[in-house]
Amino acid sequence: MKNIRNFCIIAHIDHGKSTLADRLLEHTKTINERQMQAQVLDDMDLEREKGITIKSHAIQMDYELNGEKYTLNLIDTPGHVDFSYEVSRALAACEGALLLVDAAQGIQAQTISNLYLALDNDLEIIPVINKIDMDGAMIEVVKDQIIELIGVKEEEILLASGKTGIGIEEILQAIVARIPAPKGEPDAPLQALIFDSVFNSFRGIIAYFRVFNGKIKKGDKVRFVNTGEDYEADEVGILKLGLQARSEVNTGDVGYIITGIKNAKEVKVGDTITLSQNPCKVAIQGFEEVKPMVFAGIFPVVTEDFEELRDCMDKLQLNDASLTFETETSQALGFGFRCGFLGMLHMEIIQERLEREFKQTVITTVPNVSFIAYTTRDEKVIVNNPSEMPDPSKIDRIEEPFIRAQIITSPDYIGNIMTLCLGKRGMLINQSYLTPTRVELIFEMPLAEIVFDFYDKLKSSTRGYASFDYHPLDYRISDIVRMDILLNGDKVDALSALIHRSRAEDFGRKLCLKLKELLPRQQFMIAIQAAVGSKIIARETISAMRKDVTAKCYGGDISRKRKLLEKQKEGKKRMRQIGNVEVPQEAFLAVLKLN
Ligand code: GDP
Ligand code: MG
């Protein structure tokens, strides 16, 4: 155990984590260059054929220093804020972290948020300035930033390039010298932390764990403490380039377990594995159920495809336990699913996977966050869907989720960012200079305001010179209303939105205008209205089309007329009927196209 080191690499996106990891694997001869390429190709073929997600979540390297042999476990962390809970569990499996900072970019928002996560888990931090081969490398400036941020000494900062291989040996030596060996009791009851899991269509769920106490053997009866379920350890082993089965995995080490579980929901990141016979007294702390943050409806484009879509959603959930869904009926769109996502990125990934891996074309409705409504009888109603909002006359108050947003930028853009964030109902909580040219702004803001287009707006108002990160904070009382869209007086439920009262009118006006563009003219006039309760807040009109299309045919040429009708029927398939108005699919996505 004294020669084991468990570590992860943390960095802002694109600061070179993956590239550096490749160099470490090469340098320790875990993978040679040729093998690496060959293997990657094999994996991709397999991935294409079998639909297996292949990603190294942890990998073990052998390293020798001064005649001592060391086992280094590199644990990979998901990069995006949507998955920050998983990041924190992966960090909990380590004793140390390489903190990479791009020499040309300097410290960015996720550098800081990842650093805080690592410090929360008491990790030893090894700061590395990466990409020093670049022309724009500002080594001295970035050094100062790092010293300022974590209070290390200058000589503790390593310089590296994942591209050219500079500094790789120094990094490995620092891992051995500075990161503590794992502690733990080999003879105590088993306690292993699940930090990640993957779905393999042949073998079921493969869970990755770090053993804190005791050991786990093939054939053991194991218990997942938080779910309370018992399983048999069909296979355990360590992680090299692939899985390597072993008879046991010991205290301090990182490994995998296969139990034949097929459903990702049964394996929860953060859960503790112990033995059914001799269970540990307490679970490893910090376990949380991941909660969805953003909700939206997903409907099949063709109503008849609902069952097929359900099948695909089930399969997708086997693979991604953080996706939640239940059936939902919409008058406008028929049967579909109300889905919960960890964030907008997660929602995009799910939609993309449905389309790419499952060949489903779907309509996604207006995303919203989860609100809490308290009725006048003091009942608490969780509102994940506009249709769940109680009647306004029965609502005492509504609460909405707030986040803490952290933005790092150049002082030149403070003004623009203030305008943007205050316009999004944000409050500035703190402003501090990391260096004379980098400032960190902390805002508290409603989650609902950053869900749609905040990140794009931030980028455009700072010409890309701002990085952004956020974390959930709490729920606060807020004046939220449901805005409905009516077409010739009929409500289109799939276009309803939950929105702050101060935003409703502007939003309603833009949406009506957009719908006016997207709805085809018909034989009669169409009134498009936005309403809050019974109050109309915006209105547009589409005038009637004058001529009957079939009039051109003079009644003479029957076959031409039939063709025309057939064509119209085809077109109608891609339309949904709301009252007497035909609505094309893209109109349901209008909300996402507002500017
Ligand atoms: P990650 O998002 O942190 O995993 O970053 P990647 O490893 O994917 O690298 C992001 C980009 O930076 C890629 O285009 C890499 O080729 C490039 N890159 C990574 N390391 C270096 C380096 O040391 N020097 C230079 N010049 N480019 C690098
Ligand atoms: Mg990467």
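We count residues from 1, following the sequence as given. Not measured: the values here are computed from a predicted model. One-based numbering, in listed order, for ligands and for the atoms of each.
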Asks: At less than 4.0 angstrom from any non-hydrogen atom of K131, what atoms of ligand 1 do you find?
Replies: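 Answer, ordered by atom number: 11 (C), 12 (O), 17 (C), 18 (N), 19 (C), 20 (N), 21 (C), 22 (C), 23 (O), 24 (N), 27 (N), 28 (C).
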Asks: Heavy-atom contacts with S161 under 4.0 Å: which atoms of ligand 1 show up? List them by number with element.
Replies: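 Numbered from 1, ligand 1 contributes 22 (C), 23 (O), 24 (N).
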Asks: Pair up each side-chain donor or acceptor in residues 126-133 with any protein partner under 3.5 Å, not counting sequence neighbours, and list the distances.
Replies:
| unit_1 | atom_1 | unit_2 | atom_2 | d |
| --- | --- | --- | --- | --- |
| N130 | OD1 | G162 | N | 3.2 |
| N130 | ND2 | H15 | O | 2.9 |
| K131 | NZ | D14 | O | 2.7 |
| K131 | NZ | D102 | OD2 | 3.1 |
| D133 | OD1 | S161 | OG | 2.8 |

Asks: Which option wins on minimum heavy-atom distance to atom 2 (O) of ligand 1: D102, D135, D14?
Replies: D14
Asks: Within a reach of under 6.0 Å around NZ of K183, are more than 12 heavy atoms found that belong to other residues, nucleotides or ligands?
Replies: no
Asks: Any N/O of G16 closer than 3.5 Å to an N/O of ligand 1?
Replies: yes
Asks: Y470 and F443: aromatic ring centres closer than 6.0 Å?
Replies: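 No.
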Asks: For ligand 1, which part of L20 has a heavy atom less than 4.0 Å away: the side chain, the backbone, both, or neither?
Replies: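 Neither part.
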Asks: What part of A11 sits under 4.0 Å from ligand 1 if we count only heavy atoms: the side chain, the backbone, both or neither?
Replies: neither
Asks: Take the angle between the ring planes of Y63 and Y70 and call it parallel below 30°, perpendicular above 60°, tilted in between.
Replies: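 Y63 vs Y70 ring planes: tilted.
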Asks: Can you tell me which residue among E444, M427, M445 is in a side-chain contact (heavy atoms from CB on, under 4.5 Å) with C421?
Replies: M445
Asks: Sequence neighbours left out, cut at 3.5 Å: what donor-acceptor pairs do the side chains of residues 1-10 make with other protein atoms?
Replies:
| unit_1 | atom_1 | unit_2 | atom_2 | d |
| --- | --- | --- | --- | --- |
| N3 | ND2 | E68 | OE1 | 2.8 |
| N3 | ND2 | K69 | O | 3.0 |
| R5 | NE | V176 | O | 3.1 |
| R5 | NE | I179 | O | 3.0 |
| R5 | NH1 | K2 | O | 2.9 |
| R5 | NH2 | V176 | O | 3.2 |
| N6 | OD1 | N73 | ND2 | 2.8 |
| N6 | ND2 | G252 | O | 2.8 |

Asks: What about T164: any of its N or O atoms under 3.5 Å from an N or O on ligand 1?
Replies: no
Asks: Heavy-atom distances under 4.0 Å decide this one: backbone, side chain, both or neither, for K17 against ligand 1?
Replies: both
Asks: Checking side-chain contact (heavy atoms from CB on, under 4.5 Å) between R438 and each of V141, I408, T409, which is the one that passes?
Replies: I408
Asks: For atom 25 (C) of ligand 1, which of the options I132, I9, D133 provides the nearest non-hydrogen atom?
Replies: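 Of the listed residues, D133 has the closest heavy atom.
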